[in-house]
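This structure is a prediction, so every number in the text was calculated from the model and none was measured. Here is the naming used below: chain letters follow the sequence lines, and residue numbers restart at 1 for every chain.
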Amino acid sequence: MSEIRTELKYLASHEWARLEEDGTVTIGITDHAQDSLGDVVYVETPEIGSAVNAGEEAGVVESVKAASDIYSLVSGEVIAVNEALEDAPETVNESPYDDGWFFKVKPADPSELDNALDADAYREIAEADD
Amino acid sequence: MGNKTPLYDLHREMHGKIVDFGGWDMPLNYGSQIDEHHRVRRGAGMFDVSHMTIVDVTGSDARAFLRRLLANDVEKLQSSPGKALYSAMLNDSGGVIDDLIVYHMGGWYRTVVNCATREKDLAWMRRQAQAFDVAIDERPQLAMIAVQGPQAIDKVKALVSAAKAAAVAGLKVFHAAEVEDWFIARTGYTGEDGLEIILPGQAAAGFWRELALAGVAPCGLAARDTLRLEAGMNLYGNDMDESVSPLAANMGWTLAWQPQQRDFIGRAALQAEKQRGATHKLVGLVLEGRGVLRAHQKVIVAGSPHSGEVTSGTFSPTLGFSIALARVPVEVGDTCLVEMRSKQVAVKVVRPGFVRHGQSLL
């Protein structure tokens with residue numbers, strides 16, 4: 001059974017978002033997503049300073065098995081990307097919710113996160129997927 | 001629920017991630033497929049390949065039958081009992097029904113064919129056998145474990161009976177021996193040295209446990225695929241099928257044209273194709289930059305009106321970048337373009353075969 005954290009928000013396409021204390025939003029892929037993908041070998045993150053839109057493609061994760069687009073949960077400016085994934089993409093498999101985060105956004109409208117799924121709603125989707 | 005091998009419960013116990021593969025519930029990986037891949041290249045790993053179909057051919061016409069059935073010639077094995085041969089089994093129009101290994105065991109032959117093609121293979125073999133005094137016997141009660149890697153043979157020798165260890169010690173590459181009730185072959189699908197061991201189903205779980213305790217890593221189908229692709233070995237259904245000629249699947253080396261009077265099935269069609277000249281061939285592709293080549297991506301060759309297609313693509317754990325097999329127009333040069341996620345990316349064209357015995361061939 002994959003881990004689903006109650007404090008996070010989710011998309012049905014298996015991204016998670018965390019609203020940080022400073023008002024920024026961190027985005028990554030779920031434990032279920034990394035388990036389905038298998039060994040991650042490349043991560044393509046958006047560029048710092050670029051704009052991302054809620055529900056739109058912001059990057060790509062590639063495993064040995066498959067390539068998958070990464071969607072943002074909020075609109076705004078990308079203020080940080082996880083550069084460690086360049087040399088250690090396996091971090092996404094090992095620590096999907098912590099060290100394996102993808103990028104951070106300064107959200108234009110933090111209330112966009114209210115449209116995302118909560119943990120219970122996401123759990124139903126992840127379980128139906130198994 | 002699919003078919004289960006005698007090792008199914010053990011795969012679950014060892015945390016294998018089970019997936020459907022050609023109607024069989026098989027382990028995809030036991031954690032990280034990349035770790036499993038490296039274990040085979042650097043030490044020893046084991047694969048449950050009991051889903052593969054073992055078919056024994058016996059009877060006074062066994063040799064004559066196989067010389068008609070197979071595009072390679074079992075006559076090559078005649079003077080060396082125990083020797084194995086890789087061959088295509090073709091239809092009348094020269095398409096590949098399946099690829100297989102045939103072992104010559106003295107008075108009889110053992111073949112190992114793919115699991116997804118089991119029914120059509122058996123039907124075809126039985127149909128062709130009608131004109132011969134042969135018996136075609138499937139052996140579903142047998143299990144098969146491939147132990148592969150530079151340490152594989154030593155690990156096995158240390159665990160088995162003295163008679164089996166002696167047989168393994170005397171086994172030449174691409175040869176098999178029957179000893180006690182095991183069939184032990186020095187063959188594989190990884191590009192490493194190793195063994196493929198066919199044994200009674202009820203003995204499989206005990207042997208698998210002993211191998212695991214001896215440090216042989218359980219490996220799933222995912223690692224099996226990256227290993228065979230690094231080794232440049234075809235996968236039936238990806239790299240060739242009934243619509244593809246062996247000449248367009250890098251299998252020309254398996255076609256035995258001599259002696260000319262041997263009329264194997266598909267021969268006339270292949271000869272006509274050779275005279276016309278092939279339009280496509282199977283090559284290796286290398287992408288040293290980011291991204292992973294995937295099956296069915298389109299290949300564009302400068303100066304050719306035809307396009308090509310990636311037939312198998314993956315990330316190579318040994319090399320650290322992506323490799324592929326692709327069927328491309330014969331005009332291809334040293335580079336070509338692959339359409340990847342709406343971009344055209346330049347890749348190198350190489351001979352199929354990327355890694356052998358742990359070393360890069362590039």
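- For the residue pair S13(A) / E15(A), a side-chain donor-acceptor distance below 3.5 Å is found, with atom types taken as modelled.
- Residue contact with chain A, scored on non-hydrogen atoms closer than 4.5 Å, involves the backbone and the side chain of R290(B) alike.
- For K106(A), the side chain to side chain donor-acceptor pair (under 3.5 Å) criterion is met by no residue, not counting sequence neighbours.
- Judged purely by distance below 3.5 Å, without hydrogens or angles, the side chains of T5(B) and H51(B) never pair a donor atom with an acceptor atom.
- Every residue was checked against the side chain to side chain donor-acceptor pair (under 3.5 Å) condition with N82(A), not counting sequence neighbours, and none meets it.
- Side-chain contact annotation: D25(B) with N3(B), donor-acceptor N/O pair under 3.5 Å absent.
- Looking at S316(B), there are no atoms closer than 4.5 Å to chain A (heavy atoms on both sides), in backbone or side chain.
- Not a single side chain to side chain donor-acceptor pair (under 3.5 Å) links K65(A) to another residue, sequence neighbours left out.
- Scanning residues 321-329 of chain B against chain A with a 4.5 Å heavy-atom cutoff picks out F321(B), S322(B), ordered by number.
- If you measure heavy-atom distances from N93(A) to chain B, you find no contacts under 4.5 Å at all.
- Between W208(B) and Y30(B), the ring-plane angle classifies as tilted under the 30° and 60° cut-offs.
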